[in-house]
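Counting from 1, the numbers follow the sequence of the chain as shown. All values derive from a computational prediction rather than experimental measurement. Heavy-atom basis, side chains included; hydrogens, waters and symmetry copies ignored.
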Amino acid sequence: MTKQQLRLLMLQKRKSLSTREIISASNIITTKVLSSNDWNSAINVAFYMAINGEICCEKLIQKTWELNKNCYLPVITDNKDKPLIFCSYKKKQSLKKNKYCI
């Protein structure tokens, strides 16, 4: 199976999840992350904004801000040497969609 085929298969599986399943999985992961030693010692934390049935990170992002940790999100660039960078994400900061409408 090629990487592209595997990505398509995983996307189809994610899209088949119900909203209830996504919320449940998001809550389970959030609980596990918040109780981990890595989380407790972290100062800088990177997340993503969920699309297409991905696990939601919003509760973790909120907790990051509450604890005064530094929050980062991935940003796609037009730079071929650095096509993906992480930028600081602050509370109440607005986001804009990229060329992929993400």
Side-chain angles (χ1 to χ4, degrees):
M1 182 176 285
T2 68
K3 184 177 179 180
Q4 185 176 6
Q5 290 170 324
L6 183 58
R7 283 182 183 219
L8 183 59
L9 177 63
M10 292 299 109
L11 179 60
Q12 290 170 342
K13 286 186 177 208
R14 269 199 336 258
K15 285 185 173 183
S16 72
L17 295 173
S18 70
T19 301
R20 187 177 193 177
E21 289 171 312
I22 295 167
I23 291 169
S24 176
S26 297
N27 289 335
I28 290 168
I29 289 170
T30 296
T31 299
K32 288 186 180 217
V33 168
L34 293 177
S35 65
S36 74
N37 290 332
D38 289 331
W39 168 263
N40 290 322
S41 64
I43 297 168
N44 301 304
V45 190
F47 298 100
Y48 59 86
M49 300 307 283
I51 60 168
N52 296 327
E54 293 174 332
I55 297 300
C56 180
C57 298
E58 290 181 30
K59 287 181 182 177
L60 288 170
I61 291 171
Q62 291 295 325
K63 197 66 173 173
T64 300
W65 292 332
E66 288 173 22
L67 296 172
N68 293 314
K69 295 177 183 276
N70 299 313
C71 181
Y72 296 89
L73 293 177
V75 175
I76 296 172
T77 73
D78 291 327
N79 183 334
K80 291 183 181 184
D81 294 329
K82 289 188 176 184
L84 182 74
I85 61 172
F86 284 84
C87 293
S88 178
Y89 180 43
K90 306 283 186 195
K91 194 172 191 176
K92 298 184 182 180
Q93 181 178 349
S94 62
L95 300 174
K96 69 176 190 173
K97 292 184 179 182
N98 64 22
K99 63 185 177 184
Y100 301 108
C101 293
I102 299 173

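Interatomic distance, OG1 of Thr2 versus CG of Leu9, reported as 10.5 Å (0.5 Å rounding). Distance CG/Leu60 to CD/Glu66: 11.0 Å, rounded to 0.5 Å. Atom CD of Glu58 and atom SG of Cys56 lie 4.0 Å apart (nearest 0.5 Å). One distance of note links CG of Asn98 with OG1 of Thr77; it measures 10.5 Å at 0.5 Å rounding. With rounding to the nearest 0.5 Å, the separation of CG in Leu17 from CD in Glu54 is 11.5 Å. The distance from the CD atom of Gln62 to the OG1 atom of Thr30 is 11.5 Å, given to the nearest 0.5 Å.
The hydrophobic clustering, which links ILVMFWY residues whose side-chain heavy atoms are closer than 4.5 Å, places Leu95 and Trp65 together. One hydrophobic cluster holds both Val33 and Met49 under the rule that ILVMFWY side chains link at heavy-atom gaps under 4.5 Å. By the rule that hydrophobic residues join a cluster once side-chain heavy atoms approach within less than 4.5 Å of another member, Ile29 and Leu34 end up as members of one cluster. Under a hydrophobic clustering in which Ile, Leu, Val, Met, Phe, Trp and Tyr are joined whenever their side-chain heavy atoms come within less than 4.5 Å, directly or via other members, Phe47 and Val75 fall into different clusters. At a threshold of 4.5 Å between side-chain heavy atoms, the hydrophobic network of Ile, Leu, Val, Met, Phe, Trp and Tyr places Ile102 and Met10 in two separate groups.
Within a 6.0 Å sphere centred on NZ of Lys59, other residues, nucleotides and ligands contribute 12 heavy atoms or fewer. Annotation for Asn52: atom CG counts as buried by contact number, over 12 foreign heavy atoms lying within 6.0 Å. Within a 6.0 Å sphere centred on CD of Gln4, other residues, nucleotides and ligands contribute 12 heavy atoms or fewer. The number of heavy atoms from other shown groups lying within 6.0 Å of CG (Asn79) is above 12. Within 6.0 Å of atom CD in Glu21, more than 12 heavy atoms from other residues, nucleotides or ligands are found, so the atom counts as buried in its surroundings. More than 12 heavy atoms of other residues, nucleotides or ligands lie within 6.0 Å of CD1 in Ile51, so this atom counts as buried by the packing criterion.
Residues Ser26 and Ile55 are in side-chain contact: their nearest non-hydrogen atoms beyond the backbone lie under 4.5 Å apart. Between Gln5 and Leu8, the closest side-chain pair of non-hydrogen atoms is not below 4.5 Å.
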If you apply the rule side-chain contact (heavy atoms from CB on, under 4.5 Å), what do you find for Trp39 with Thr64, and how did you get there? CA-CA 9 Å; Trp39 168 263; Thr64 300; 3.2 Å; yes
Let's go through Arg20 and Ile23 carefully: what are the C-alpha distance in whole Å and the side-chain angles of both, what is the deciding distance for side-chain contact (heavy atoms from CB on, under 4.5 Å) to 0.1 Å, and is it a yes or a no? CA-CA 5 Å; Arg20 187 177 193 177; Ile23 291 169; 5.9 Å; no
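Closest of all the heavy-atom pairs between Tyr48 and Pro74 is CA-CD, 4.1 Å.
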